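The structure appears right after this line, and notes come after that.
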Amino acid sequence: MNNNRFVKSKRVSTNTINGNSFIYLEDTKETIQLDEVASFIWNQINGVRKISEIINSCVNYFEGDYCEIKTSVSDFFNTLISEKLIEKRRRKIE
Amino acid sequence: MIADLSIKDITDLAKQKIVPVSMLMEVCHTCNENCIHCCLNEHKSSGLKLHQYYQLFDQMVEAGTLFVILTGGEPFTRLDFMEIVKSARDHYLSVTIFTNGVLLTKKIVQELKKLFVQEVHISLYSASPNVHDEITKTKGSFKKSVRALKWLVEAGITTRIKCPLMNKNCDDVDDLKKLAQEMKVNVQFTSVITSKNNGNDSTQSLRMTEDQMKVVLADGKIDKHSFVPINFSDHPEDCVPCDVVFNGGSIDPYGNVFVCNQLRICGGNILKKPLAEIWKNSSEFQKIRNLRLKDLDRCVGCDLFKYCVRCPGLALLEDGNILGCSTIAKNNALIRKELNVYPGQTHIFAERCK
């Protein structure tokens, strides 16, 4: 899983205001606010960075324990997947 | 994750932090209708080039924008309009479109659905084809706008009818409400026909008469009103007269950034400076932000204050003074006073009171 790359779902509108990311779900009209840590991760989900790279950047930025951060980031990704806020990037056929 | 927020929570936060979270973009002034009440004095500009919109959306994301209203003129007169919509959505901006719907096709509606466009607002001026077509001066336009509404509803896109009321169509309110109900869409009426944005006041003759306005202002479904006055604060004189340029603004087809599409005070052009820089550093915008009710000529202490919905843009456009009394607001306030009803909403901004 950690080598996967994800993109934000097409049903999502999002931006970050004052350090917190806001997500507006266009189909259900729900609004979600992320805290600072979740926003940091959310803003790196761009279809380019692998989960492992995002974990490393969190370790560097928050200067925490690698195993703890890896677990937290993985849990967060699982939540985002189950809430259909992100989807696996489809590989382009060359 | 915190759920159960509303869009208003986001716009209120943006207001506190002075972030342009919601921007209205006129992507062109060209139009396929010729409405008698149109506020535009010319329909020439076809807007920025497509690649400039890509750059503008980058700038918007940087500045903190989340909600974008795409309007015109008629935005669909641009052959590349769907590319603009797609680009906005690729930037994860929430898109609402103001259109007359005439140029919509089933295929376009399906594309809008796939792009998760937030809302589409269709201008419809009456339930009567003749009245609508007289207002648009475009024969057959009613039929095409209603057709678009049907397709949008069928596709499950949130759709709203927009209807400015004037002396020609204010008797059709009930029929239009009924049509909207049958079509399962919301309808939003506005009661003020503004002068053209160059100050030409020829459109004022289209406004409702005093008696017609009384009927409209008495109907809480048309003009949201309250039976108790809004309490701003113990010190209303320190309140901000209008929340424009705190959490949103507008951009014209030339790239000029305005306080709002009604208050055409320009802070800069996005082709010369990034939006975030204009937003933050424009001295014109700062002047507007610094205005308080006590700076206005005679609002605080006016016996109509609690009945009044004053637009600084209209005060400037129609009465020539951004700090002065707005005649149209005053006239409507007099009617509310007579009816003993108060405005249900206001743009006066109390949260930033000192």
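All heavy atoms count here, side chains included; hydrogens, waters and symmetry mates do not. Values in this document were obtained by computation on a predicted structure and should not be read as measured data. Below, chains carry the letters A, B, ... as their sequence lines are ordered, and counting in each starts from 1.
By the 6.0 Å contact criterion, CD on E62(B) is open, its count of non-hydrogen atoms from other residues, nucleotides or ligands being 12 or less.
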Is there a side chain to side chain donor-acceptor pair (under 3.5 Å) between Q44(A) and S57(A) once you walk through the steps?
-> CA-CA 9 Å; Q44(A) 295 188 64; S57(A) 74; 2.8 Å; yes
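A parallel orientation is assigned to the rings of F40(A) and Y61(A), their planes being inclined by less than 30° (bins at 30° and 60°). Relative ring orientation between F77(A) and F6(A) is described as tilted, the plane-to-plane angle lying within the 30° to 60° band.
In terms of heavy-atom pairs under 4.5 Å with chain A, the best-connected choice from I157(B), I7(B), T158(B) is I7(B). In terms of non-hydrogen atom pairs under 4.5 Å with chain A, the most contact-rich of V61(B), V19(B), V21(B) is V61(B). The choice from K10(A), K8(A), E26(A) that makes the most heavy-atom pairs within less than 4.5 Å of chain B is E26(A).
Neither the backbone nor the side chain of D9(B) comes within less than 4.5 Å of any heavy atom in chain A. Using a 4.5 Å cut-off between heavy atoms, L85(A) touches chain B through its side chain atoms alone.
Under 4.0 Å is where a charged nitrogen must lie from a carboxylate oxygen, and between K86(B) and E83(B) no such pair does.
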